[in-house]
Amino acid sequence: MRHVIALDVGGTGMKAALIGAEGRLLYRTRRATGRERGPDAVVEGILHFAADLRSHGIEQYGEPASAAGLAVPGIVDEERGIAAYSANLGWRDVPLRDLLAERLGCPVALGHDVRTGGLAEGRIGAGRGADRFLFVPLGTGIAGAIGIGGRVEAGAHGFAGEIGHIVVRPEGAPCPCGQRGCLERYASAAAVSEAWATACGTPEADAADCAKAVVSGDPNAVRIWQDAIDALADGLLTALTLLDPRTLIIGGGLAEAGETLFTPLRDAVRERVTFQKLPSVVPAALGDTAGCLGAGLLAWDLLTSTDSTEESA
């Protein structure tokens, strides 16, 4: 059975799958990233995990994977196949595509984790059928994937979609990026967790706890939640003005609050829109499997491109 390997590498864990034709999920597994052992160990762990997946494919389906897709965080040079930088994993300029292709003996596609997740949401998730979409996961930080005609735009230097660093509160809280008042300092799941933990005096409290307190009517929770929504709506308005997407897909940890987030967010965006066209604002559909499924799509795209080239020759 023809299949591909899909790997989504996160700060603490790796999700992997073997995916058949038409996105059929054949096998799924997880493994720790092991970043506490250093960047070289993380890279070797990725290669070893992929080799185990290749062996499993041979054992179960009678042949090795035809291609592999790999999604990683940080700054990614997709064209050259290089993981340029990741603060969480500590690596710099790692030629992951070539290393993995050598280990597996098949073509490999390398992608940025958020853009890869956006690719999956756009093709087979909440954005299916939309010719223009913006995927915004609200997690530890905030990033974005700009979907155009079935692909995701990386930009000239691989930085397209970094809407978490739109300044929404000039002279506001300092951001590790060097600016002040960035969107992700106010509207990420991490920012809401930090604000709520401080307000309620419980260090381990998080954004999910804040959302529950909002539902119960806690005034501090309502204030923190509304501040986050206002900042998010301000940032999204800038994105809508520049990109004019048909569908706006919100994912990540904060989106798990459901309508506690989406009802006031839709209202806040609607209030800010003047001449802009209001997109559909919908929750992501694929959850934490988006990156892995997107990596599989990258691999299948690679095979489709190769097959087309061979046919034309």
Side-chain angles (χ1 to χ4, degrees), residues 114 117-118 120-130 132-145 147 161 163-164 166 168 183-200 202 204-241 243-274 276-291 293:
V114 173
E121 284 288 353
R123 285 200 199 168
I124 61 176
R128 181 183 296 188
R132 299 285 192 281
F133 70 87
L134 177 62
F135 170 56
V136 181
L138 309 173
T140 303
I142 298 177
I163 73 165
I166 291 174
V168 294
L183 175 60
E184 69 177 40
R185 297 295 297 129
Y186 298 91
S188 63
V192 173
S193 295
E194 181 181 346
W196 178 236
T198 300
C200 71
T202 306
E204 63 271 18
D206 61 14
D209 297 322
C210 184
K212 292 174 186 174
V214 169
V215 174
S216 67
D218 184 288
N220 282 329
V222 170
R223 172 183 53 81
I224 289 166
W225 198 255
Q226 191 60 52
D227 286 347
I229 285 172
D230 286 341
L232 182 56
D234 289 342
L236 291 175
L237 181 65
T238 298
L240 301 184
T241 304
L243 302 172
D244 187 28
R246 196 173 306 279
T247 305
L248 176 57
I249 306 167
I250 307 294
L254 216 58
E256 293 175 9
E259 287 307 311
T260 302
L261 173 72
F262 282 93
T263 296
L265 178 59
R266 290 186 185 107
D267 290 342
V269 173
R270 187 179 299 110
E271 289 168 3
R272 285 161 173 76
V273 165
T274 55
Q276 303 91 342
K277 291 293 185 181
L278 190 67
S280 299
V281 182
V282 300
L286 302 176
D288 69 353
T289 65
L293 292 171

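What you see is a predicted model; the values in this text were computed from it and never measured.
- Proximity of C200 to N220: side-chain heavy atoms (C-beta onward) are nowhere separated by under 4.5 Å.
- Taking the side chain to side chain donor-acceptor pair (under 3.5 Å) definition, one finds that T198 meets it with nothing, sequence neighbours left out.
- The side-chain heavy atoms of L261 and L138, taken from C-beta on, include a pair separated by under 4.5 Å.
- Within 6.0 Å of atom CZ in R246, 12 or fewer heavy atoms from other residues, nucleotides or ligands are found, so the atom counts as exposed in its surroundings.
- Of the possible donor and acceptor atoms, none in the side chain of Q276 sits under 3.5 Å from a partner among the backbone N and O of T241.
- Side-chain N or O atoms of W196 include none that pairs as donor or acceptor with a backbone N or O of A213 at under 3.5 Å.
- In terms of the side chain to side chain contact (heavy atoms under 4.5 Å, CB included) criterion, residue partners of D227 (sequence neighbours excluded) are, by chain and number, R223.
- A 4.5 Å side-chain heavy-atom check between L237 and V273 finds at least one atom pair inside the cut-off.
- Between I163 and L183, the shortest heavy-atom distance links the atoms O-CD2, 3.6 Å.
- For D206 and K212, the salt-bridge test fails: no basic side-chain N is under 4.0 Å from an acidic carboxylate O.
- The backbone N or O of I142 lies less than 3.5 Å from a partner atom in the side chain of E184, making a donor-acceptor pair.
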*Begin with the C-alpha distance, continue with both residues' side-chain angles, and end with the deciding distance and a verdict on side-chain contact (heavy atoms from CB on, under 4.5 Å) for Y186 and D234.*
CA-CA 11 Å; Y186 298 91; D234 289 342; over 6 Å; no
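- For the atom pair F133 CZ and R128 CZ, the distance stands at 12.5 Å (nearest 0.5 Å).
- Atom-to-atom distance recorded for I250:CD1 and L265:CG is 6.0 Å, nearest 0.5 angstrom.
- The line from CZ of R266 to CD of E259 is 4.5 Å long, rounded to the nearest 0.5 Å.
- For the side chain to side chain contact (heavy atoms under 4.5 Å, CB included) with P279, the lone residue among L236, T247, L134, L240 that qualifies is L240.
- D209 pairs by the salt bridge (charged side-chain N to carboxylate O under 4.0 Å, His left out) definition with nothing, not counting sequence neighbours.
- Atom CG of L278 is separated from atom CZ of R272 by 12.5 Å, given to the nearest 0.5 angstrom.
- For the residue pair S188 and G139, the shortest heavy atom distance occurs at CB-O, 3.3 Å.
- The pair D244-K277 does not count as a salt bridge, with every side-chain nitrogen at least 4.0 angstrom from each carboxylate oxygen.
- Minimum interatomic distance between A257 and A211 (heavy atoms only, all atoms of both residues): CB-CB, 3.9 Å.
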